[in-house]
A.B. asks: 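Structure incoming, see below.
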Amino acid sequence: MRQETYVNLWRGMDRFRGESDVRTWVYRVALNSCVSFFRRNRRADAHIPLSALTYVADEGCNRNELISEMHRLINRLDHVEKAMILLWLDGYPYDAIADVMAMPRNTVASRLKRIKEKLVRYSEE
């Protein structure tokens, strides 16, 4: 998947118009490459266990449990919600998230608020 993303970046370099930050463009190409990959290779029973995705150094059981719980809760979101919350967790500002997700900034703000509320509800279940 990483190589496919690099190839897509290379092929798309001449189409980058400079209307957004280059990091936003790279993130969008990577996101689209991943979505395309998973659509092509989708199987009804295919899934990756969350435990396989957690590569956190053992700094104490409590921290690892919290991170695992966060991954479990985020995994319950739909694809768009996952992408938005992960961008936010990566520290991207609302304007950059709006560019990547191709939606207005205010929509990003309201959706992120609802996503955070949903995660809180999931954690209370």
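Everything numeric in this text was worked out from a predicted model, so none of it was measured.
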A.B. asks: Return the set of residues passing salt bridge (charged side-chain N to carboxylate O under 4.0 Å, His left out) with Lys82 (not counting sequence neighbours), or none when no residue passes.
C.D. replies: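 Salt bridge (charged side-chain N to carboxylate O under 4.0 Å, His left out) check on Lys82 returns nothing, list empty.
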A.B. asks: Quick check: closest heavy atoms across Lys113 and Glu117, and the distance to 0.1 Å?
C.D. replies: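 Looking at all heavy atoms of both residues, the closest pair is NZ-OE2, 2.6 Å.
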A.B. asks: Starting from the C-alpha separation in whole Å, work towards a yes-or-no answer on side-chain contact (heavy atoms from CB on, under 4.5 Å) for Leu9 and Met13.
C.D. replies: CA-CA 6 Å; Leu9 286 167; Met13 285 174 55; 5.5 Å; no
A.B. asks: Does any N or O in the side chain of Ser110 come within less than 3.5 Å of the main-chain N or O of Asn106, such that one atom is a donor and the other an acceptor?
C.D. replies: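 The answer is yes, because a donor-acceptor pair under 3.5 Å joins these two groups.
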A.B. asks: Let me see the working for Ile85 and Leu119 under side-chain contact (heavy atoms from CB on, under 4.5 Å), right down to the final yes or no.
C.D. replies: CA-CA 10 Å; Ile85 197 70; Leu119 289 171; 4.1 Å; yes
A.B. asks: Given side chains that start at C-beta, do those of Glu81 and Arg114 come closer than 4.5 Å, heavy atoms only?
C.D. replies: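 With C-beta onward as the side chain, the pair stays apart.
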A.B. asks: So if you build clusters from Ile, Leu, Val, Met, Phe, Trp, Tyr with side-chain heavy-atom gaps below 4.5 Å, do Met103 and Leu77 land together?
C.D. replies: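 Yes, Met103 connects to Leu77 through the hydrophobic network.
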A.B. asks: Determine the sole option in Arg72, His71, Met70 for which the side chain to side chain contact (heavy atoms under 4.5 Å, CB included) test with Ile74 is passed.
C.D. replies: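 The single option meeting the side chain to side chain contact (heavy atoms under 4.5 Å, CB included) with Ile74 is Met70.
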A.B. asks: Are the side chains of Thr24 and Ile97 in touch, meaning some heavy atoms are under 4.5 Å apart?
C.D. replies: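 Thr24 does not reach Ile97 side chain to side chain.
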A.B. asks: Search all heavy atoms of Ala98 against all heavy atoms of Pro104 and return the closest pair with its distance.
C.D. replies: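 That would be CB-C, 4.1 Å.
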A.B. asks: Are Trp10 and Phe16 co-members of a hydrophobic cluster defined by side-chain heavy atoms under 4.5 Å apart?
C.D. replies: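 Phe16 and Trp10: one cluster.
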A.B. asks: Taking side-chain contact (heavy atoms from CB on, under 4.5 Å) as the test, write out the residues that go with Ala83, two or more places apart.
C.D. replies: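 Partners of Ala83 under the side-chain contact (heavy atoms from CB on, under 4.5 Å) test: Leu31, Met101.
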A.B. asks: Quick one: salt bridge (charged side-chain N to carboxylate O under 4.0 Å, His left out) partners of Arg105, sequence neighbours excluded?
C.D. replies: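 Result, salt bridge (charged side-chain N to carboxylate O under 4.0 Å, His left out) vs Arg105: Asp95.
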A.B. asks: Can you give each donor-acceptor pair under 3.5 Å made by side-chain atoms of residues 87-94, sequence neighbours left out, with the distance rounded to 0.1 Å?
C.D. replies:
none

A.B. asks: State, with a plain yes or no, whether a side-chain heavy atom of Lys118 is found less than 4.5 Å away from one of Arg76.
C.D. replies: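 Not in contact.
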A.B. asks: What's the separation between atom CG in Asn8 and atom CD in Glu4, rounded to the nearest 0.5 Å?
C.D. replies: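 These two atoms lie 5.5 Å from each other.
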A.B. asks: side-chain contact (heavy atoms from CB on, under 4.5 Å) with Glu19: which residues, sequence neighbours excluded?
C.D. replies: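 side-chain contact (heavy atoms from CB on, under 4.5 Å) check on Glu19 returns Arg17.
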A.B. asks: My understanding is that only residues two or more places apart in sequence, or in another chain, count here; which of them pass ring-ring contact (aromatic ring centres under 6.0 Å, His included) with Tyr122?
C.D. replies: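 In terms of ring-ring contact (aromatic ring centres under 6.0 Å, His included), with neighbours along the sequence ignored, Tyr122 is linked to no residue.
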A.B. asks: Can you name the nearest heavy-atom pair linking Asp78 to Val80, along with the distance?
C.D. replies: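 Here Asp78 and Val80 meet closest at OD1-N, 3.0 Å.
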